[in-house]
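Quick note on labels: first sequence line is chain A, next is B, and so on, each numbered from 1. Note that these values count all heavy atoms, side chains included, but never hydrogens, waters or copies made by symmetry.
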Amino acid sequence: MKPQLQTLFQHALVQLQTEGLIPQDTVVEVQLEHSRDPKFGDFACNLAMVLAKIAKMRPRDLAERIVAALPSADFVSKVEIAGAGFINIFLVPNAYRQVIATVLQQGEHYGRGQVGAGQKVMVEFVSANPTGPLHVGHGRGAAYGAALSNLLSVAGYDVYKEYYVNDAGRQMDILATSVWLRYLESYGEPFTFPSNAYKGVYIRDISAALKQQYGDSLHHPISAVFADLPADEPQGGDKEIYIDAMIARCKQLLGATGYEQVFQAGLVDILGDIRQDLEEFSVTYDNWFSERSLSDNHTVERAIEKLKAQGHTYEQNGALWFRSSSFGDEKDRVLVRENGLMTYFASDIAYHLNKIERGFDVLINIWGADHHGYIPRVKAAMSALGANPECLTVLLVQFATLYRGTERLQMSTRSGEFVTLRELRDDVGNDAARFFYVQRKSEQHLDFDLDLAKSQSSDNPVYYVQYAHARIASVLRELTERGFPAHEFNAADLASLDSPHEQTLLTRLARYPEVIEAAARAYEPHQIAYYLRELAQDFHTYYNAYKFLIDDANLRNARLSLSKAVQQVLRNGLNIIGVSAPDVM
RNA sequence: GCGCCCGUAGCUCAGCCCGGAUAGAGCGUUGGCCUCCGGAGCCAAAGGUCACAGGUUCGAAUCCUGUCGGGCGCGCCA
C-alpha cells in the first residue's frame with residue numbers, strides 16, 4: 001500500500017516540476033508515515049513542509065498544489081491538508097480488508113520480503129570458549145543471534161549460522177590441567193588446587209568420567225606433580241606464571257598421548273553440553289567451526305604468509321607484528337609471540353580469511369560488548385587481506401547484569417560462581433527466556449532480575465502474546481463444539497468488518513511486512529517483539545468487545561477470518577523470535 | 001587520558017539511524033468489567049523540565065557541540 005502511495009506523490013512531484021513550481025533538479029524522497037491518530041487518516045505525508053522553502057511557498061499553499069496534482073486512485077477515499085502542512089491520506093475501507101485474504105493465502109510466508117535479495121550472509125554467534133557451561137550472558141547472544149538469523153532469512157537473505165569453537169589456546173590448556181588435577185585428587189593425596197584453575201563442579205564430573213575411561217594410566221604421584229613449581233598467588237607468587245608452569249608439568253608427565261586424552265575429555269564433554277543446551281533453547285547451527293582446524297590445515301600460516309608477502313608485517317623484540325595501524329587500528333598487533341606461539345588474533349585473522357574464501361556477501365559477528373576494542377584490528381586484517389571490511393558487521397550485545405532482588409550477582413567462569421543458561425531456562429522456561437532476551441535492543445544493557453523473572457513469570461509479555469494465539473485456537477475449537485458450520489473464508493463477508501477495532505487490527509496486519517523489513521535492515525529483532533505485543537493487544541481488545549460465535553453466518557465468518565489472519569501473523573512473528581505458538585496454555 | 005554503549009513516567013524499557021501534529025508500552029498504584037467464545041484478559045485514571053546547557057531549523061526526545069552521571073574496553077590474555 002505504501003509503495004503505491006509513494007508512486008502517486010512522485011507523479012505529483014514531477015507534475016509540479018513540469019509546471020515550474022519546483023526546480024527540476026530537486027531530489028527528495030517522499031516520506032509517508034502511518035498516522036498515529038485515525039482522525040489524521042491512514043498515512044501522512046510531509047512533502048509540502050519539506051519543499052516549502054525550495055518552492056518559496058507557505059507549506060499549506062504548496063500542500064494544496066500537491067494535492068491538486070495527485071493522480072486519483074481507487075484505494076484512496078479522501079485527502080486532507082492539516083496542521084502545519086501535513087497531507088493526510090484516507091484509504092477506502094476495502095483497501096485494508098484485502099490483507100485478510102493475503103495473510104490466509106500466504107500463510108507462513110506472509111511477511112517474507114526481498115530486502116536480502118538472496119545475499120549469502122553468515123551469522124556467527126555465541127562462540128563461547130568450551131571451558132564451562134553457558135551462562136546467562138551467552139544466553140542473550142544465543143537468543144539474539146538465532147532471532148536475527150530467522151529475521152534475515154524471512155527478509156530474503158540466505159543465512160548460514162556458525163559457532164566458532166575456541167578449541168585451542170591457553171584457556172583450553174588450563175581446562176585440561178584443571179581436569180587432570182581433579183582426577184589426581186581422587187587418589188587421596190592432599191594438595192592445594194591452583195588459584196587460577198577452573199573450579200566449577202562440572203570439572204569433577206569430567207575427571208570422574210576420565211578415570212572411568214582410562215583408569216590409573218594418567219596417575220602420577222603428587223610429589224612429582226608439584227616438584228619445583230613457582231609459588232602460587234596466595235603464597236606470594238604470580239597465579240599466571242604458576243598455572244603456566246602447572247600446564248607444562250601436566251604435558252611433561254602425561255606425554256602427548258595422555259595429555260590429548262585429558263584435553264579431549266574436557267573438550268568433548270563441555271562442547272557436548274553446550275550443544276545440548278543450545279538445542280534445547282532452539283538455537284541451532286549450520287556449522288561448528290574448530291579453531292584447531294585452522295592450524296591443522298595451515299590456514300593460520302597461510303594468512304600470516306599472505307600478510308607478510310604484502311609487506312604488512314615486521315619483526316620487533318623477537319615477535320612478529322601486523323601493521324594494523326596502517327588500516328585504521330590505533331596500534332600494531334602481535335601475531336607471533338616472542339615464545340613462538342601464535343596469538344588468538346592470528347587465529348582470528350585466519351578464521352576471517354577462511355570466511356572470506358567461503359564466499360559470503362555479508363559477515364555478521366555477534367560479540368559481547370567487552371570485545372568492542374577488538375573490532376578495528378579485525379577490520380584492519382580484512383583490509384590487509386584484500387577484502388572489503390564493509391562486508392563485516394560486528395554487532396555488540398551488552399551484558400546482561402543479573403540481579404537477585406537488589407543483590408547484583410557476579411559472573412565468573414573461572415571461580416565457578418555464575419548462573420547458567422540452563423538454570424535460567426529451568427526457572428523461567430525457554431519461551432519466556434527467548435522473549436525476554438530479545439525484547440530489549442541488543443546494545444541496551446539488560447537488567448535481569450531472577451527473582452522477578454521467576455515470581456512474575458506469568459506476567460511476562462510472552463504469555464500475553466501466546467495467550468492471544470491460544471484464544472483464537474480456542475474460539476475455533478468452540479465453533480465446532482457448539483455445532484456451528486465450519487468457518488469459510490468469503491471475501492464478500494469482509495465488508496461487515498467496519499468497526500474501529502477491526503480497522504485497527506487490519507492496519508496492524510498490513511504493516512507486518514514493513515516491520516519485518518525495517519527490523520531486518522536494522523538488525524533489530526526486538527521490533528518484532530514490540531509489534532507482536534501490539535498486535536496481541538489489539539486482538540485482546542477486539543475479543544473483549546465482540547462475540548465471534550454468533551448466528552449471523554456472514555459476520556461470524558468475517559470475524560473468524562480476521563481472527564485466523566491475526567493468529568497466522570502471531571505465529572509467524574513468534575517463530576522469528578523463537579517462541580512457541582501454543583493452541584492451549 | 002582515549003575509544004565504544006547508555007541517560008525518556010516510581011521501576012524496566014520503546015521511539016532517535018531518516019527532525020513533524022497531544023512523547024508511548026509493560027510492571028507497580030487507584031477505580032471499574034465474567035448468568036456471555038479462556039479474567040494469563042478488558043476499560044479507565046494518576047504519573048514525564050525526554051540528564052543539563054548551548055546551537056541548527058518554520059519545527060528537536062530525534063541532528064551538532066559542550067558538560068555531568070552510569071557501564072565497558074584500551075596485553076607478546078582469550
Side-chain angles (χ1 to χ4, degrees), chain A residues 29 31 33 35-37 39-40 44 46 49-50 52-53 58-59 82-86 88 128-129 131 166 168-172 174 240 291 316-321 330-331 333-348 368-376 396-399 401 439-449 452 456-468 470-479 481-482 484 518 521-522 524 526-527 529-530 533-534 536-537 539-550 556 559-560 563 584-585:
Chain A
E29 189 193 351
Q31 289 179 36
E33 53 184 41
S35 303
R36 272 195 280 173
D37 193 316
K39 78 181 176 202
F40 295 135
N46 65 356
M49 290 181 285
V50 174
K53 200 168 206 173
R58 292 201 312 234
F86 289 100
N88 293 330
N129 287 349
T131 52
N166 298 115
R170 183 163 170 267
Q171 297 304 320
M172 291 305 294
I174 296 178
E240 304 292 347
E291 179 185 356
Q316 192 177 62
N317 302 331
L320 183 71
W321 295 71
E330 57 186 15
K331 54 175 284 197
R333 309 291 174 178
V334 171
L335 297 174
V336 183
R337 282 178 259 169
E338 196 180 356
N339 63 12
L341 294 177
M342 302 283 181
T343 58
Y344 175 82
F345 181 45
S347 298
D348 236 7
D370 55 333
H371 283 67
H372 73 256
Y374 201 75
I375 299 171
L396 297 175
V397 177
Q398 289 289 338
F399 286 150
T401 312
Q439 71 175 331
R440 297 273 176 271
K441 214 167 44 172
S442 64
E443 62 262 39
Q444 182 73 249
H445 292 268
L446 177 64
D447 284 342
F448 208 130
D449 186 333
L452 200 71
Q456 302 195 341
S457 62
S458 65
D459 291 330
N460 193 304
V462 69
Y463 295 105
Y464 184 82
V465 176
Q466 289 181 320
Y467 185 45
R471 245 182 174 172
I472 295 166
S474 171
V475 170
L476 294 170
R477 280 195 301 270
E478 201 64 18
L479 177 76
E481 292 265 323
R482 299 191 179 194
F484 283 101
R521 280 186 196 282
E524 289 180 347
H526 78 272
Q527 291 189 26
Y530 275 88
R533 218 208 163 275
E534 288 165 348
Q537 181 167 39
F539 181 77
H540 284 308
T541 299
Y542 181 46
Y543 178 89
N544 274 273
Y546 301 94
K547 275 184 70 71
F548 303 161
L549 301 181
I550 49 178
R556 185 179 69 235
R559 286 178 177 167
L560 289 177
S563 301
V584 180
M585 292 176 69

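- Searching all strands for a Watson-Crick or G-U wobble partner of B/G66 with both distances below 3.5 Å returns B/C52.
- Between A/Tyr543 and A/Phe548, the ring planes are perpendicular. Angles over 60° get that label, and only those under 30° would be called parallel.
- Nucleotide B/C2 forms a Watson-Crick or G-U wobble pair with B/G73, both donor-acceptor distances falling under 3.5 Å.
- Judged purely by atom type and a 3.5 angstrom limit, A/Thr343 uses its side chain to pair as donor or acceptor with the backbone of A/Val334.
- Partner assigned to B/G31 is B/C43, using Watson-Crick or G-U wobble distances below 3.5 angstrom.
- Rounded to a whole angstrom, the distance from the P atom of B/C17 to that of B/C5 is 15 Å.
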Contacts under 3.5 Å, N or O only, protein and nucleotides 21-25 of chain B:
residue, atom, partner, partner atom, Å
B/A21, OP2, A/Arg36, NH2, 2.3
B/A21, N6, A/Asn88, OD1, 2.9
B/A21, N1, A/Asn88, ND2, 3.2
B/U22, O4, A/Asp37, OD2, 3.1

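- Ranking B/G38, B/C37, B/G75 by closeness to the A/Met585 side chain, first place goes to B/G38.
- If you check the side chains of A/Glu291 and A/Ser347, you find a donor sitting under 3.5 Å from an acceptor.
- Listed for the A/His540 side chain is a donor-acceptor partner under 3.5 Å among the backbone atoms of A/Tyr464.
- With a cut-off of 3.5 Å on both pairing distances, the Watson-Crick or G-U wobble partner of B/C58 is B/G20.
- At a threshold of 4.0 angstrom between heavy atoms, the contacts of A/Asn129 are confined to the sugar-phosphate backbone, with no base atom among them.
- Separation of the P atoms belonging to B/U30 and B/C36 is 28 Å when rounded to the nearest angstrom.
- A/Val584 comes within contact range of at least one nucleobase, with a heavy-atom separation under 4.0 Å.
- If you find the closest nucleotide of RNA chain B to A/Glu524 and to A/Arg521, the one lying nearer the 5' end belongs to A/Glu524.
- Under the 30°/60° scheme for interplanar angles, the aromatic rings of A/Tyr344 and A/Tyr374 are found to be tilted.
- Nucleotides B/C74 and B/C64 are separated by 27 Å at their P atoms, to the nearest Å.
- Across all strands, A/Asn339 comes closer than 4.0 Å to no nucleic acid atom at all (heavy-atom distances).
- The pairing partner recorded for B/A25 is B/U12, the criterion being a Watson-Crick or G-U wobble arrangement whose two distances lie under 3.5 angstrom.
- Taking the side chain as every heavy atom from C-beta outward, A/His371 and A/Ile375 never approach each other to under 4.5 Å.
- One interatomic measurement links the two molecules: CD of A/Glu330 to P of B/C74, which rounds to 10 Å at whole-angstrom precision.
- Taking atom C1' in both B/A45 and B/G54, the straight-line distance is 38 Å, to the nearest Å.
- Environment of CZ in A/Arg58: sparse, with no more than 12 heavy atoms of neighbouring residues, nucleotides or ligands closer than 6.0 Å.
- Within the 4.0 angstrom heavy-atom criterion, no nucleotide atom of any strand lies near A/Arg333.
- A donor-acceptor contact under 3.5 angstrom links the side-chain atoms of A/His372 to the base of B/G3.
- Protein atom NZ of A/Lys547 is 15 Å distant from nucleotide atom P of B/C34, rounded to whole Å.
- Looking at the side chain of A/Asp370, the nearest of the listed nucleotides B/A78, B/C37, B/G73 is B/G73.
- Within the structure, a side-chain polar atom (N or O) of A/Lys441 is placed less than 4.0 Å from OP1 or OP2 of B/G15.
- Using a 4.0 Å heavy-atom distance criterion, A/His540 is classed as a sugar-phosphate-only contact.
- If you take atom C1' in B/A60 and the same atom in B/G55, they sit 11 Å apart, rounded to whole Å.
- Residues A/Ala522 and A/Tyr543 each lie close to RNA chain B; by heavy-atom proximity, the contact nearer the 5' end of the strand is made by A/Ala522.
- With both ends at atom C1', the span from B/G20 to B/C13 equals 24 Å, rounded to whole Å.
- If you take atom P in B/G41 and the same atom in B/C27, they sit 7 Å apart, rounded to whole Å.
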